[in-house]
Amino acid sequence: MTSTNRILKNTLMLYFRQILILLVSLYTVRVVLTILGVEDYGIYSVVGGIVSFFSFLSGTMASATQRFFSFALGQKNELKLKTTFSVNLVIYILIAVISVILLESLGTFYVYNKLNIPMERFSAACFIYHFSVITFIFSIFSSPFMAIIIAHEDMQIYAYVSIVEVLLKLGIVFLLNIITADKLKIYGLLLAFVAFFNATIYIVICIKKYSECQFKKFYWSREQFRETFQFTGWTLFGQLTSVIRTQAVTILINQVFNPIVVSARTVAMQVSNYIKIFSANFNTGLYPAIIKKYASNEKEEMFSLVFNGCKTTFFLMWIFALPLFMEMDYVLTLWLKVPPEQVILFTRLAFIEVLIDTICLPLMTAARAPGKMMGYELSLGIIQVSIFVADYLILKFFNAPAYIVFVIAAIGNFLMFFIRLINVKYLIDFPVLVFLRKVILRIFIVMCITFGFSYGIHIVRPYNFSGVCLSVFVTVLFSIVTMCYVGLNKIERNKIFQFIKTKFPKKVWSKKIWKK
C-alpha cells in the first residue's frame, strides 16, 4: 500500500471510529445519569473531576512519545527506538509515582474536608475517588504503548482496541441495570477494570509486535532524557495555559452573570469539546507520517502531507459541523428538552472557535517535528492568557454581553493560527504563501458556497424531524460534492477516487452504469 493510500485509509478509519465512539458515549452518559440518579452522578462528576484534572498529563506525554518514536522510525534507527522506549518508561513511572503521591495526599484531603457530599454517600464518594486514581494510573501506563502503535501507523489496532474499550463501557451500563449493590461503587470498580484491560491489551500487543518494546535490557541516554523532558515540559505549559484560559473564563462568567448563563456556556463547551476531540482523534493518522518525513529530510513530501492534512481534516469536520451548526436549535431542543437561554448562540460561536483550531492540527504537528518547543508554546501561551485578560477587562469595565467571550476566543484562535504559521516558517522553512493560496483559499471558497446553500435549505425546510433530516442529508451530499470538485485539485481528487475503487471488487467498476 502506498503512503497516500495508507494515510487515507487511516484517516477514514479513525473518522468512522470516532463517529461510533461519539454516539455510544452520548448514549452512555444519558443512561448512566438515569441509572445512578442526579445525586450520585453529581458525586461521581465532582470526585472524578479532581482526578480528571491530571488527565492532560497522560495526553501530553503521549504526544511527546509519539513524536520521538516517529522521529526514530523516520531515521530507521533501531538503537534510538530502544533508547526512546527505556527513557519514556522511566518518565512515565516518575509521573505515575508523583501523581499517586499528590492525589492520595492533597487530593484525599480535599475530598474529605472541602467537598460538599451528603454524609450517607460519603463512603461511596471516597471509594469512587480511590478507584478513579487507580483508573488514572492504568491510563498513564497505557499511553506510551498506545503512542507506539500510532507511531508505527498501525491504526487498525488502535481503532479496534478503542472500539472494544467503548463497548466495554457500554456493557457497564447494562450491568448496572441488573446489579443490586451500590451502583456508584460498582461503576467506579468496573471503570477501573476497563482501564486495566485496556492497558494490558496495549502492553501485550506492543511487546509481541515491536522489537523496541522489551524489558530484557535497559537503554539509557542522558541527552535523550533531557530532550524528551524539555519537549514534554513546554508541551505541558501549552496545555496548562489552554486549561487555565477555559476554566478562568467560566469562573469569570459565574462572577459577572447569573447561573443560567454559566449553564449555557457549560453546554456550549461540552458540545464544542466533542467536536474538538473528534477532529483531534481522526487527525492522529497524520501525526507519525509528518514526523517521519521530517526525520528522513523529505521536506517536500512533508509539506504536501500538511497541505492535504489541513484540507482533509477541515473538510471531514465541515461535513459534520455545518448541518449541526444550521440545525442547532432543533438538535439542542431534542437533546435537552428545554435548552438554557443563549445556549444556541453560545454553541454556534464555540463551533467557529473550534473550526479555526481544526485547520491548525497538521500545522501543530509540523511545528513539533524539530522538537524546539519553547518559542512556539511561549508565544501561543501568551495569547491564551491575553484572551482571559481581554475578557476580564471588557466584561468588568464595559458591561459587554456574555457572548463576547466567544467572539474574543475566536479572534484569539484566528491570531494563533497566524502565529503558528510564523513559527513553522521559522522552524522548518514552511511555504506560507503557497499554503494560503492552495489550502486556505480553497477552504474559504468551499465554506462560502456550502454555507450559502445550507442556509437556503434551512430557511425553506419544515420545522419537524423529517424536515431536519432532509436538510442534513442534502447539506452533507452537497458539501461532499463541493469539496471534491472545488476544495480538491484534480490530482488529490483522483487519488481519493482510486483509493475508493480499491475497496470494491473489480466487477463492480466494470458494470455499464460506471462506464456511462
Side-chain angles (χ1 to χ4, degrees), residues 19 22-23 25-27 29-30 33 45 245-247 249-279 314 317-358 387 390-391 394-395 398-414 447-448 450-476 478-479:
I19 289 175
L22 179 61
L23 293 174
S25 298
L26 288 171
Y27 173 76
V29 167
R30 185 170 181 174
L33 176 59
S45 299
R245 160 196 159 183
T246 304
Q247 297 303 320
V249 170
T250 301
I251 294 169
L252 178 63
I253 289 176
N254 182 56
Q255 292 176 345
V256 177
F257 301 97
N258 58 52
I260 295 174
V261 177
V262 178
S263 297
R265 173 174 167 81
T266 302
V267 172
M269 296 307 294
Q270 284 178 338
V271 176
S272 65
N273 281 337
Y274 278 129
I275 302 297
K276 189 181 291 186
I277 294 168
F278 194 91
S279 59
F314 182 84
M317 277 306 305
W318 190 242
I319 292 171
F320 182 74
L322 177 59
L324 188 56
F325 183 93
M326 285 295 173
E327 305 299 340
M328 189 68 68
D329 53 345
Y330 189 88
V331 171
L332 289 179
T333 303
L334 188 67
W335 185 34
L336 302 174
K337 300 289 197 273
V338 183
E341 188 181 346
Q342 299 188 73
V343 70
I344 295 168
L345 174 61
F346 285 5
T347 309
R348 281 175 170 158
L349 290 172
F351 263 39
I352 296 171
E353 179 187 348
V354 171
L355 285 168
I356 296 169
D357 265 353
T358 298
I387 289 171
D391 287 337
I394 290 175
L395 290 178
F398 294 95
N399 296 318
Y403 71 79
I404 198 69
V405 299
F406 291 98
V407 176
I408 293 171
I411 294 170
N413 281 17
F414 191 71
M447 282 180 63
C448 291
T450 53
F451 185 88
F453 178 84
S454 181
Y455 184 70
I457 296 293
H458 173 75
I459 291 173
V460 300
R461 63 106 173 99
Y463 191 79
N464 53 40
F465 183 75
S466 58
V468 170
C469 289
L470 180 62
S471 172
V472 169
F473 176 77
V474 173
T475 297
V476 168
F478 182 79
S479 296

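Just so you know, these numbers come straight off a predicted model, no measurement behind them.
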Q: Taking the side chain as every heavy atom from C-beta outward, state whether Val474 and Phe453 have any atom pair closer than 4.5 Å.
A: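 Side chain of Val474 against side chain of Phe453, heavy atoms only: contact under 4.5 Å found.
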Nearest 0.5 Å, what's the [atom1]-[atom2] distance between [X] and [Y]?
{"X": "Ile387", "Y": "Asn413", "atom1": "CD1", "atom2": "CG", "result": "6.0 Å"}
{"X": "Thr347", "Y": "Met328", "atom1": "OG1", "atom2": "CE", "result": "5.5 Å"}
{"X": "Thr475", "Y": "Leu470", "atom1": "OG1", "atom2": "CG", "result": "9.0 Å"}
{"X": "Ile408", "Y": "Ile394", "atom1": "CD1", "atom2": "CD1", "result": "3.5 Å"}
{"X": "Ile344", "Y": "Leu332", "atom1": "CD1", "atom2": "CG", "result": "6.0 Å"}
{"X": "Phe257", "Y": "Leu395", "atom1": "CZ", "atom2": "CG", "result": "5.0 Å"}

Of all the heavy-atom pairs spanning [X] and [Y], show the shortest one and how long it is.
{"X": "Ala268", "Y": "Ala350", "value": "O-CB, 4.2 Å"}
{"X": "Val476", "Y": "Pro323", "value": "CG2-CG, 4.0 Å"}
{"X": "Ala402", "Y": "Phe346", "value": "CB-CZ, 3.7 Å"}
{"X": "Met447", "Y": "Phe314", "value": "SD-CZ, 3.5 Å"}
{"X": "Leu322", "Y": "Ser479", "value": "CD2-OG, 3.8 Å"}
{"X": "Gly467", "Y": "Asn464", "value": "N-OD1, 2.7 Å"}

If we ignore hydrogens and angles and just use 3.5 Å, is the side chain of [X] paired with the main-chain N or O of [Y] as donor and acceptor?
{"X": "Thr333", "Y": "Asp329", "answer": "yes"}
{"X": "Ser454", "Y": "Thr450", "answer": "no"}
{"X": "Tyr330", "Y": "Tyr463", "answer": "no"}

Q: For the pair Ile457 and Met326, evaluate side chain to side chain contact (heavy atoms under 4.5 Å, CB included) and give the outcome as yes or no after the intermediate values.
A: CA-CA 10 Å; Ile457 296 293; Met326 285 295 173; over 6 Å; no
Q) Regarding Arg348 and the six-membered ring of Phe406, is the cationic atom NZ or CZ under 6.0 Å from the ring centre and inside 45° of its axis? A)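 Because its charged atom misses either the 6.0 Å distance or the 45° angle limit, Arg348 does not stack over Phe406.
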Q. Is the OH atom of Tyr403 crowded by more than 12 outside heavy atoms at less than 6.0 Å?
A.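 Incorrect, the count does not exceed 12.
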Q: Show the numbers, then the answer: is there a side chain to side chain contact (heavy atoms under 4.5 Å, CB included) between Val472 and Glu327?
A: CA-CA 8 Å; Val472 169; Glu327 305 299 340; 4.3 Å; yes
Q: Show the numbers, then the answer: is there a side chain to side chain contact (heavy atoms under 4.5 Å, CB included) between Leu324 and Phe351?
A: CA-CA 10 Å; Leu324 188 56; Phe351 263 39; 3.4 Å; yes
